[in-house]
Amino acid sequence: MIDQVLNRIDGYLSDAQASVREARAYPRPICRLVVDGRDITAAIEKRLISIELTDNRGLTADQLDVTLSDHDGRLVIPPKGSTLRLWLGWSDTGLVDKGTYTVDETEHSGAPDQLNIRARSVDLNAGLKVKRERSWHDETIETVVQAIAGAYGLGPLVSAALSAIQVVHLDQANESDANLLSRLGQEHDAIATVKAGKLLFMPIGNATSASGLTLPHITLTRRDGDQHRFLQADRDSYTGVRAFYYDVDSAEKKEAISGGGENIKDLRHSYTDQKSALVAARAEWNKLQRGSATLSYSLARGRPELTPELTYSLIGIKQEIADVIWLGGNVKHSFTPDSFTTSLELESKLPDGDEVAELADGGGDHTGVVAWYRDAKSGQQKISEGDQSKPKRLTHLYESKASAQRALAREYKRLQAKTGANNPGTPA
């Protein structure tokens with residue numbers, strides 16, 4: 001009798017081990033969906049057509065679309081305001097929590113009859129987009145964000161790099177809180193977003209969370225990708241950005257410039273002091289430079305843990321792509337019972353730091369070149385060539401010291417050729 005029981009247990013263990021081996025050898029996409037606290041995963045398993053989740057950078061709400069088959073007409077359309085909580089993953093690695101969303105749109109179509117449920121991560125229409133009238137004087141960015149977050153029951157999280165920055169004067173004239181936060185972010189090259197009940201305000205591409213923790217760096221290879229689209233655009237049409245300001249004791253209109261050259265982009269908004277104008281000009285100049293190279297990358301096997309603002313290295317496509325660090329923008333997860341893919345929108349990452357920002361200002365003839373690269377152990381590092389009294393800053397953050405040195409050599413050679421052309425009497 002005991003032998004029979006032991007044999008039966010051995011059989012169960014063998015079956016379990018076989019199931020684990022099969023899951024690892026042939027992983028399948030899995031999901032979990034909870035509606036108003038009730039797990040409906042099993043109930044919709046045979047009805048599920050697709051799940052689309054777009055994780056947006058900034059105050060644009062994340063969007064979840066669930067499409068179900070209503071072939072027998074038995075589905076009930078959920079009321080607006082219902083909450084959906086989603087997990088995505090693979091049978092061999094498990095599920096990743098993708099957050100909670102509020103239903104704000106439903107659509108029934110046919111034939112064949114289908115129900116599409118659209119939900120968003122936060123209801124921006126219920127407050128953040130209401131227009132208000134108020135002003136701040138000599139307050140920090142942290143104080144402004146705390147005031148807005150508190151009005152909606154959100155926890156404020158402001159990065160240390162931005163929290164103590166003084167706002168000399170900030171008017172909210174018939175403007176929504178969402179628009180004010182976006183404007184404040186644009187002026188300081190920062191991102192405002194609502195995630196998991198918190199209002200976050202942090203530098204774009206800083207590779208850290210608002211609490212100061214370093215975000216993981218992701219390395220992708222050609223084998224990870226299904227499709228890619230790399231675009232280099234000529235951003236030299238603008239050579240700098242100019243912001244205007246007025247001194248308190250003078251009616252004279254003055255200017256602050258980031259970059260240089262002859263073709264300057266002018267910002268429409270006028271500022272109350274030089275510092276605010278220069279910060280805004282630098283932020284817009286950084287935005288233009290980040291957009292000089294973009295990359296769309298689709299992963300054949302979805303990665304549910306990927307979110308906006310992560311940094312990436314991409315290996316095995318083209319050297320120009322592998323040479324630089326990429327910054328993540330919007331992330332889209334596409335799920336069906338048979339497949340799970342993730343699409344990334346990436347842009348070239350700029351070097352971080354006050355020293356870099358200072359080099360972004362001023363045009364004229366350069367005397368040398370400076371570049372930054374990512375060191376996996378020690379963080380961002382700098383290399384240079386030529387006279388550093390007035391160096392030219394290379395735009396990208398490079399993936400390694402070797403790639404930075406190649407770019408540095410190319411640019412310094414161009415600089416020497418240009419200098420020789422402008423001064424033909426200078427000995428070689």
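Partners of Asp224 by salt bridge (charged side-chain N to carboxylate O under 4.0 Å, His left out), not counting sequence neighbours: none found. Take Glu107 and apply the salt bridge (charged side-chain N to carboxylate O under 4.0 Å, His left out) test, not counting sequence neighbours, and it matches no residue. Not counting sequence neighbours, the partners of Arg242 by the salt bridge (charged side-chain N to carboxylate O under 4.0 Å, His left out) test are Glu255, Asp266. Take Glu187 and apply the salt bridge (charged side-chain N to carboxylate O under 4.0 Å, His left out) test, not counting sequence neighbours, and it matches Arg183.
For the residue pair Asp177 / Tyr152, a side-chain donor-acceptor distance below 3.5 Å is found, with atom types taken as modelled. Counted by atom type alone, Ser109 and Gln114 present zero donor-acceptor pairs between their side chains at under 3.5 Å. Residues Glu52 and Ser334 have side chains that bring a donor and an acceptor to within less than 3.5 angstrom of each other. For the residue pair Asp70 and His108, a side-chain donor N or O sits within less than 3.5 Å of a side-chain acceptor on the partner.
Under the 4.0 Å criterion applied to side-chain N and carboxylate O atoms, Lys392 and Glu411 are assigned as salt-bridge partners.
Annotation for Tyr398 and Ser403: closest pair CB-OG, 3.6 Å, computed over non-hydrogen atoms.
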Derivation and outcome, salt bridge (charged side-chain N to carboxylate O under 4.0 Å, His left out), residues Lys265 and Glu284: CA-CA 9 Å; Lys265 178 180 180 179; Glu284 182 62 22; 2.7 Å; yes
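Remark: Lys254 fails to qualify as a cation-pi partner of Tyr245 under the 6.0 Å distance and 45° angle criteria applied to the six-membered ring. A cation-pi geometry, defined here as NZ or CZ lying under 6.0 Å from the six-membered ring centre and within 45° of its normal, holds between Arg301 and Trp90.
For the side chain to side chain donor-acceptor pair (under 3.5 Å) condition, the pairs that include at least one residue of residues 38-48, sequence neighbours left out, are Arg32-Asp39, Asp39-Thr41, Arg47-Asp72.
Judged by distance alone, with hydrogens and angles left aside, the side-chain atoms of Asp36 form a donor-acceptor pair with the main-chain N or O of Thr83 at under 3.5 Å.
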Which donor-acceptor pairs under 3.5 Å do the side chains of residues 321-330 make with protein atoms, sequence neighbours left out?
from   : atom 1 : to     : atom 2 : distance (Å)
Asp323 : OD1    : Gln319 : NE2    : 2.7
Asp323 : OD1    : Arg406 : NH2    : 2.7
Trp326 : NE1    : Ile321 : O      : 3.0
Asn330 : OD1    : Arg57  : N      : 2.9
Asn330 : ND2    : Asn56  : OD1    : 3.2

